[in-house]
Engineer: 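The structure that follows is given in the form of structure tokens.
Values below: every heavy atom of this structure, side chains too, minus hydrogens, waters and symmetry copies. A quick note: this is a predicted structure, and the numbers were derived from the prediction, not measured.
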Amino acid sequence: MFRFIRLLQMLGIATLLLLHNPSESSAKPHADSTTSSAKAKPDKKKKSKAHNDTPALSPEARQKKLVEASRACIEANQRQLYASARAYCEEALSLTDEGSEAFIHLALACIFLYNKTDEPQKALVLLDKLIASNKDERVAYNLCFDRGMTLIRLHRYEDALQTLNACPPDEADQGKHDGAIAELYMMMGDAEKAAAAYDEALAYDNKNSFAWFGAMAARMRAGRSADAKKAFLNGVAVDPTLAFFDVSFFEPEGETYFHRALLMLFSQRHADAIHDLEENLKYERRQPYRDIAQALLDMLRSPDTHDPRLATWPVLLNKVTAVAINKDAHYLAYADQNTATVWLFDTDAGQLSCRITNISNVKSMAFDDQDTLHILTRTHRYALSPNSTDYYLYANSPATVAWNTLSDNGKYIIGINGLDQLVKAPFLAPDHFETIAKIPTETQNVLLSDDAKTAFLETKRINILTDIENDRIVSTPAATKFILGMATSQNRFAIALTHGIYIFDAENHPIARLEPHPNEPFSVMAFDPTGRYLLTLNGTIAEVWDTHIF
């Protein structure tokens with residue numbers, strides 16, 4: 001919320017100023033103090049002009065105390081002992097003259113610590129002193145802005161709005177300024193004005209994830225759920241890691257729960273959204289906002305609301321390298337590298353059975369529309385019927401093509417030849433391959449839709465979507481550069497990152513986000529042959545999602 005210089009920098013600059021370039025006021029005693037002990041005795045009734053009326057000290061003693069207090073403040077801050085750091089900072093501040101450069105740096109450091117120790121009134125007093133003495137237009141806006149945000153922390157919303165409106169920002173700060181006013185309107189209970197202010201912030205910077213996620217909350221609070229979801233997905237495209245949610249900056253108690261509820265709602269975890277809405281309602285006192293939260297809660301509890309997460313199962317396997325799901329989510333398949341086994345799970349019976357042993361280096365698996373499981377390894381291909389223990393084994397073709405994945409329905413194998421070309425061949429006849437498209441050099445992995453019109457490519461530097469029919473390449477968002485896994489079906493692509501699984505359409509637009517299972521690392525995922533169901537494996541938790549709801 002506050003844009004202060006780091007405490008170490010502030011105090012370090014202040015100390016250096018006093019050590020290496022002492023001002024006249026700190027190099028000599030003040031005029032109303034004694035200037036010579038031989039000429040006159042100090043008048044005990046008169047005081048130094050130093051901040052906080054510190055008793056007169058010799059320049060050397062004063063400088064020594066300042067350095068000691070500053071160093072103690074730095075050390076306490078590094079140890080996150082903010083109350084102690086604040087006390088030392090106040091001591092150091094009392095040893096400087098108001099208006100001096102050292103005073104300014106120390107005052108900013110103390111303001112930082114006042115906010116750490118939840119003392120906004122003290123921060124406001126210092127800010128007012130700095131604003132009154134400041135003559136530098138370059139910092140005038142930041143001081144004014146910080147004053148407005150401090151007033152927000154004091155719940156003086158009207159005063160904060162008046163302050164923020166009185167300090168016009170430079171163009172570079174316009175987006176931040178509009179976002180602050182939007183947040184203020186949100187606190188004041190005016191969701192429509194908040195949404196409009198967020199729109200103004202986005203007009204200056206449409207990559208501002210803060211503004212997109214704020215716009216999401218404002219639109220939902222204004223009863224515009226479809227627009228809220230759109231804002232959320234736009235924010236996802238800008239920042240798939242959702243760093244916005246890592247820090248709570250809203251003042252009213254319970255506000256964070258509402259934002260988490262929206263994150264869970266739009267990330268398909270309805271049970272978690274219900275919990276966060278219940279927590280929000282324990283604290284929310286603004287009636288219009290209570291009404292919206294209660295309406296969302298009632299909607300999620302309604303039997304007519306379909307949860308896209310259909311089922312969850314534990315999967316106690318050591319290292320799953322590939323998964324598959326059939327067209328009606330009856331069968332799930334897992335390739336376990338540690339035991340060199342392909343397992344089949346019957347969701348109706350709740351039974352796991354071993355179907356193929358001594359099978360290693362499984363690269364990809366997929367069910368076809370007849371429920372036959374197709375398996376691709378580095379050297380062989382397998383076909384397995386779920387109703388039988390029999391399977392067929394085929395050797396791959398010579399190394400003219402590096403086969404690395406199966407198509408959605410398992411009927412084709414996809415690979416890259418030595419000419420940087422994407423090729424596909426029937427599962428049963430790998431020598432009869434055809435060239436689909438020219439692809440970027442250094443492509444490491446590729447997925448191809450069954451209509452062979454759209455591909456997802458993973459290279460060493462970037463991930464791209466390719467519209468093969470129109471010879472068009474589109475880069476994925478920069479934040480998706482380091483992906484953990486991917487799946488494709490029916491011109492949809494699922495990309496797994498540390499912070500979630502994102503589903504994009506063929507035009508590279510996000511259409512859904514799935515929240516990963518808590519405390520479980522992502523493993524693998526796959527669509528069924530119709531593109532309706534998505535099987536995800538996080539650690540030892542398998543989940544099946546109905547993507548037709550998106």
Engineer: Could you check if a side-chain atom of Leu281 sits within less than 4.5 angstrom of a side-chain atom of Gln294, using non-hydrogen atoms only?
Structural biologist: yes
Engineer: Do the numbers put Lys411 on top of the ring of Phe427, so that NZ or CZ is under 6.0 Å from the six-membered ring centre and no more than 45° off the axis?
Structural biologist: no
Engineer: How far does CD1 of Ile436 sit from OH of Tyr412, to the nearest 0.5 angstrom?
Structural biologist: 9.0 Å
Engineer: Looking at Lys319 and Asp336, does any basic side-chain N land under 4.0 Å from a carboxylate oxygen?
Structural biologist: no
Engineer: For Phe266 and Phe232, I'd like to know if the aromatic rings sit close, meaning centre-to-centre distance below 6.0 Å.
Structural biologist: yes
Engineer: I'd like to know whether OH of Tyr204 has more than 12 heavy-atom contacts from other residues, nucleotides or ligands below 6.0 angstrom.
Structural biologist: no
Engineer: For Arg301, is there an ion pair with Glu278 - N to carboxylate O distance below 4.0 angstrom?
Structural biologist: yes
Engineer: Output, in order, the C-alpha distance, side-chain angles, deciding distance and verdict of side chain to side chain donor-acceptor pair (under 3.5 Å) for Asp368 and Asn409.
Structural biologist: CA-CA 4 Å; Asp368 65 18; Asn409 58 18; over 6 Å; no
Engineer: Looking only at atom types and distance, does a side-chain atom of Thr341 sit under 3.5 Å from a main-chain N or O of Trp343, one as donor and one as acceptor?
Structural biologist: no
Engineer: Please step through salt bridge (charged side-chain N to carboxylate O under 4.0 Å, His left out) for the pair Lys327 and Asp369, ending with a clear verdict.
Structural biologist: CA-CA 7 Å; Lys327 63 180 182 297; Asp369 49 14; over 6 Å; no
Engineer: Decide, yes or no, whether a salt bridge links Glu192 with Arg219 under the criterion of side-chain N to carboxylate O below 4.0 Å.
Structural biologist: no
Engineer: Any ion pair linking Glu255 and Arg260 (charged N to carboxylate O, less than 4.0 Å)?
Structural biologist: no
Engineer: Do Trp313 and Phe345 have their ring centres less than 6.0 Å from each other?
Structural biologist: yes
Engineer: Donor-acceptor check, side chain of Thr321 to backbone of Val362, threshold 3.5 angstrom: yes or no?
Structural biologist: yes
Engineer: Identify the heavy atoms of Asp528 and Ser489 that sit nearest to each other, and give their distance.
Structural biologist: O-OG, 3.7 Å
Engineer: Within the 4.5 Å heavy-atom criterion, are Phe213 and Leu262 side-chain neighbours or not?
Structural biologist: no
Engineer: Evaluate Arg269 against Glu515 for salt bridge (charged side-chain N to carboxylate O under 4.0 Å, His left out), listing each step before the verdict.
Structural biologist: CA-CA 7 Å; Arg269 288 202 175 273; Glu515 177 74 8; 5.8 Å; no
Engineer: Please determine whether a side-chain nitrogen of the Lys or Arg among Asp328 and Arg532 lies less than 4.0 Å from a carboxylate oxygen of the Asp or Glu.
Structural biologist: no
Engineer: So, taking the atom named NE2 in His259 and the one named CG in Asn280, what distance separates them when rounded to the nearest 0.5 Å?
Structural biologist: 10.0 Å
Engineer: Are any side-chain N or O atoms of Trp403 and backbone N or O atoms of Thr379, one a donor and one an acceptor, separated by less than 3.5 Å?
Structural biologist: no
Engineer: Evaluate whether atom NZ of Lys438 has more than 12 neighbouring non-hydrogen atoms of other residues, nucleotides or ligands under 6.0 angstrom away.
Structural biologist: yes
Engineer: Hey, does the side chain of Ser267 reach the backbone of Leu263 with a donor-acceptor pair shorter than 3.5 angstrom?
Structural biologist: yes
Engineer: For the CG atom of Leu297 and the NE2 atom of His275, what is their distance to the nearest 0.5 Å?
Structural biologist: 11.5 Å
Engineer: Could you go through the side-chain contact (heavy atoms from CB on, under 4.5 Å) check for Ile439 and Ile416 one step at a time?
Structural biologist: CA-CA 9 Å; Ile439 60 175; Ile416 305 169; 3.8 Å; yes
Engineer: Considering non-hydrogen atoms only, spot the tightest contact between Leu310 and Tyr533 and give its length.
Structural biologist: CD1-CE2, 3.4 Å
Engineer: Taking NZ in Lys193 as the centre, count heavy atoms belonging to other residues, nucleotides or ligands within less than 6.0 Å. Is the count above 12?
Structural biologist: no
Engineer: CG of Asn404 to CD1 of Ile414: how many Å apart, nearest 0.5 Å?
Structural biologist: 8.5 Å
Engineer: Mind checking whether Gln268 and Arg309 have side chains closer than 4.5 Å, heavy atoms only?
Structural biologist: no
Engineer: How far apart are the closest heavy atoms of Glu520 and Ile541, and which atoms are they?
Structural biologist: CG-CG1, 4.0 Å
Engineer: Determine, step by step, whether Leu535 and Leu332 satisfy the side-chain contact (heavy atoms from CB on, under 4.5 Å) criterion, reporting the C-alpha distance in whole Å, the side-chain angles of both residues, the deciding distance to 0.1 Å, and the verdict.
Structural biologist: CA-CA 8 Å; Leu535 169 62; Leu332 313 180; 4.2 Å; yes
Engineer: Donor-acceptor check, side chain of Ser364 to backbone of Ala322, threshold 3.5 angstrom: yes or no?
Structural biologist: no
Engineer: Using a strict cut-off of less than 4.0 Å between a Lys/Arg side-chain nitrogen and an Asp/Glu carboxylate oxygen, indicate whether Glu284 and Arg221 qualify as a salt bridge.
Structural biologist: yes
Engineer: Using a cut-off of 6.0 Å, state whether more than 12 heavy atoms not belonging to Arg378 lie near its atom CZ.
Structural biologist: no
Engineer: Please report the shortest heavy-atom distance between Asn326 and Phe367, naming the atom on each side.
Structural biologist: N-CD1, 3.4 Å
Engineer: Does Phe433 have Lys424 sitting over its ring (NZ/CZ under 6.0 Å from centre, angle to axis within 45°)?
Structural biologist: no
Engineer: Less than 4.5 Å apart, side chain to side chain, heavy atoms only: is that true for Thr443 and Asp420?
Structural biologist: no
Engineer: Are any of the side-chain heavy atoms of Arg381 and Ile375 separated by less than 4.5 Å?
Structural biologist: no
Engineer: I would like to know whether Lys282 and Tyr257 meet side-chain contact (heavy atoms from CB on, under 4.5 Å); could you show each step before the answer?
Structural biologist: CA-CA 10 Å; Lys282 291 179 182 178; Tyr257 286 113; over 6 Å; no
Engineer: Would you find more than 12 non-hydrogen atoms of other residues, nucleotides or ligands less than 6.0 Å from Gln287 atom CD?
Structural biologist: yes
Engineer: Would His330 and Asp346 satisfy side chain to side chain donor-acceptor pair (under 3.5 Å), going step by step from the backbone distance to the final call?
Structural biologist: CA-CA 6 Å; His330 184 184; Asp346 186 326; 2.8 Å; yes
Engineer: How long is the span from the CE atom in Met365 to the CG atom in Leu373, to the nearest 0.5 Å?
Structural biologist: 5.5 Å
Engineer: If we count only N and O atoms by modelled type, under 3.5 Å, do the side chains of Thr377 and Asn361 hold a donor and an acceptor together?
Structural biologist: no
Engineer: How long is the span from the OG1 atom in Thr536 to the CZ atom in Phe522, to the nearest 0.5 Å?
Structural biologist: 7.5 Å
Engineer: Are more than 12 heavy atoms, taken from residues, nucleotides or ligands other than Tyr394, located less than 6.0 Å from that residue's OH atom?
Structural biologist: yes
Engineer: For residues Tyr382 and His380, determine if any side-chain heavy atom of one lies less than 4.5 Å from a side-chain heavy atom of the other.
Structural biologist: yes
Engineer: Compare every heavy atom of Met186 with every heavy atom of Ala194, then report the nearest pair and how far apart it is.
Structural biologist: CB-N, 3.8 Å
Engineer: Passes side-chain contact (heavy atoms from CB on, under 4.5 Å), Tyr198 versus Phe210? Steps please.
Structural biologist: CA-CA 9 Å; Tyr198 278 124; Phe210 168 92; 3.8 Å; yes
Engineer: For Gln174 and Ala201, indicate whether the former's side chain and the latter's backbone hold a donor-acceptor pair under 3.5 Å.
Structural biologist: no
Engineer: Taking all non-hydrogen atoms of both residues, which atom of Arg513 and which atom of Gly500 are closest, and how far apart?
Structural biologist: NH2-CA, 4.0 Å
Engineer: Find out whether Leu534 and Val544 are in side-chain contact, i.e. whether some heavy atom of one side chain is under 4.5 Å from a heavy atom of the other.
Structural biologist: no
Engineer: Tell me if a side-chain donor or acceptor on Asp170 pairs with a main-chain N or O of Asp173 at a distance below 3.5 Å.
Structural biologist: no
Engineer: With a 4.5 Å heavy-atom cut-off, do Tyr331 and Ile325 have their side chains touching?
Structural biologist: no
